[in-house]
Amino acid sequence: MKEEIKKLKSYVPEEPVAAVKEKYGLDRLVRLSANENPFGTSPKVKEAVVNWTFSESNRYPDGYATKLRQAVSERLGLPEEQLVFGVGLDEILELLSRTFLEKGDEILVADPTFSEYALHAQIEGARVIKVPVKPTDGHYDFERALTEISSKTKLIWLCNPNNPTGVYERSSQIAAFIKQVPATCLVLIDEAYIEYVTDEKPATSLDLLNDYDNVAVLRTFSKVYGLANYRVGYIAMAPKLAEYMQTVRLPYNLNSVAQVAAEAALADQTFVAASVAKTVEGRQYLEEFLTNKQIKHFHSQANFVYLKYPAALELAQKLLENGYQVRTGLQLDWLRITIGELADVKAICALIDEDLN
Ligand SMILES: *Cc1c(COP(=O)(O)O)cnc(C)c1O
């Protein structure tokens, strides 16, 4: 077996809500630990899923996700052959490492950032170079990143807004960075939370695809589209690179129900806009509260806020016992809280306030 794997730890998935409820004797548990859409899923998705032709169950799904591909291509204004779909963005992350990394290669990631970028690189025997975010405001250290690029650097991961910090980098900043990156490095811009950005409109790096073959943009249906359970994500990249990915990808990765669900979710932009509006309201409330209480946090442009708290684990436990599950274990003394209903955000602030006194 691969030696590298022996040194790695597997991803700890979320426990099912029912199991956590039972463990803590809770009637109501609000899961704010996985950045899912707490406002649910578009009713249009339910319609699409219920109306899906069950009699096709014995047939393999459309391996090219043709209709979904057309819909995404139209929405983003990109040629269809630039898109590769995965079983969640997770599969795309895995595919990228599997396709582009060899033993001894290097990748660049921010620290902290989404842990799966590093995991898959390590499985391929690549070395992970971590570029710490700026401690004061959590911004990506572009200058430092440039100095870390070597002839072995193959992938550069930029999560924007970044998970877990929520910090957003302006598209002009990213463009200026890309300009200085050698064409031999593929820059991967993970826009899993891009819909939540309010500081810049439109907020995306998709335009860079027109000018650079070594830039790719990643998106998912798991967050604002409320489809985490269906597992649909995709990458937009140069056609030649997309072709390599298609070769490595499993032929029937996306089942038909997931495909029709994603199509329906994409079509319902009213649901997306409503989710964003409610999230932004809650985010503002939480950030103002944290600022007033002088609790260190980064300015978030995602559907979560990352905060530093002296007794973070104890606070998380207190929140859990009151029906709010938040994310611990990312960095010592830091918590990540997904923005839920405003009433729940207010209840969380009241619990933190109580804890402070
Ligand atoms: C949630 C998340 C993903 C994975 O999303 P799935 O489509 O559910 O696999 C990828 N990148 C980031 C930054 C995420 O937060």
Side-chain angles (χ1 to χ4, degrees), residues 10-14 31-38 41 45 65 68 72 83-98 107-121 133 138 140 155-169 174 187-197 203-205 216-237 245 249-250 253-255 257-259 261-263 265-266 272 275 279 283 298 300-306 326-327 329-331 334 336-339:
S10 59
Y11 187 88
V12 182
E14 293 288 324
R31 188 155 86 186
L32 301 173
S33 53
N35 301 338
E36 298 145 326
N37 187 337
T41 307
V45 171
L68 176 60
V72 172
L83 300 170
V84 183
F85 289 88
V87 177
L89 195 44
D90 280 354
E91 190 195 11
I92 298 292
L93 305 185
E94 184 200 34
L95 266 179
L96 283 162
S97 292
R98 196 163 148 78
I107 72 159
L108 251 55
V109 295
D111 187 20
T113 195
F114 196 51
S115 61
E116 285 182 54
Y117 310 145
L119 176 71
H120 295 296
V133 301
Y140 189 71
L155 303 179
I156 300 178
W157 291 93
L158 283 181
C159 186
N160 196 37
N162 190 23
N163 178 6
T165 60
V167 172
Y168 174 71
E169 306 302 340
I174 293 181
V187 182
L188 302 159
I189 308 172
D190 184 343
E191 297 190 337
Y193 302 97
I194 201 73
E195 297 86 357
Y196 295 105
V197 174
T204 180
S205 293
V217 172
L218 296 80
R219 299 270 180 100
T220 177
F221 282 92
S222 297
K223 307 290 158 58
V224 78
Y225 286 98
L227 289 191
N229 207 328
Y230 290 80
R231 318 303 302 124
V232 186
Y234 60 91
I235 185 167
M237 65 203 314
M245 295 272 283
R249 164 179 87 76
L250 297 179
N253 57 350
L254 254 63
N255 71 65
V257 183
Q259 292 183 33
E263 239 187 282
L266 188 70
V272 172
S275 297
T279 301
R283 184 171 77 192
F298 294 131
S300 171
Q301 287 287 284
N303 69 336
F304 53 85
V305 172
Y306 198 47
V326 302
R327 183 72 155 95
L330 293 163
Q331 279 177 300
W334 288 81
R336 191 192 66 197
I337 305 179
T338 309
I339 303 300

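In listed order, ligands and their atoms are each counted from 1. Scope of the values below: all heavy atoms of this structure, side chains included, with no hydrogens, waters or symmetry mates.
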Exercise. Return a yes/no value for Val87: is any of its N or O atoms, backbone included, closer than 3.5 angstrom to an N or O of ligand 1?
Key: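 N/O-N/O distance below 3.5 Å does not exist for this pair.
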Exercise. Output yes when the distance from some N or O of ligand 1 to some N or O of Asp190 is under 3.5 Å, and no in every other case.
Key: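 Indeed, backbone or side chain, Asp190 has an N or O that close.
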Is it the side chain, the backbone, both or neither of [X] that has a heavy atom closer than 4.0 Å to ligand 1?
X: Phe304; result: neither
X: Arg231; result: side chain
X: Glu116; result: neither
X: Asn163; result: side chain

Quiz item: So which protein heavy atom does atom 15 (O) of ligand 1 come closest to, and at what separation?
Solution: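 The closest one turns out to be Tyr193 OH, 2.5 Å.
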Quiz prompt | Top protein contact for atom 4 (C) of ligand 1, by heavy-atom distance | solution =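 Here the closest protein heavy atom is Asp90 OD1, 3.4 Å.
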Practice problem: Please state whether Gly88 comes within less than 4.0 angstrom of ligand 1, counting heavy atoms only. | Solution: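 Gly88 counts as a contact of ligand 1 under the 4.0 Å cut-off.
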Quiz prompt | Per-atom contacts, ligand 1 versus Cys159 - under 4.0 Å to a heavy atom | solution =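 Atoms satisfying the 4.0 Å criterion: 13 (C).
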Quiz item: For ligand 1, which atoms, with element, lie under 4.0 Å from some heavy atom of Lys223?
Solution: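 Numbered from 1, ligand 1 contributes 1 (C), 2 (C), 3 (C), 5 (O), 14 (C), 15 (O).
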Quiz item: Would the Phe304 and Tyr193 ring centres measure less than 6.0 Å apart?
Solution: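 They qualify: ring centres under 6.0 Å apart.
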Practice problem: Could you name the option among Asn303, Leu227, Thr220 that has the heavy atom nearest to atom 7 (O) of ligand 1? | Solution: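 Minimum heavy-atom distance to atom 7 (O) of ligand 1 goes to Thr220.
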Practice problem: Could you tell me whether Asp111 atom CG has more than 12 heavy atoms of other residues or ligands within 6.0 Å of it? | Solution: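 Buried by this count: over 12 neighbours within 6.0 Å.
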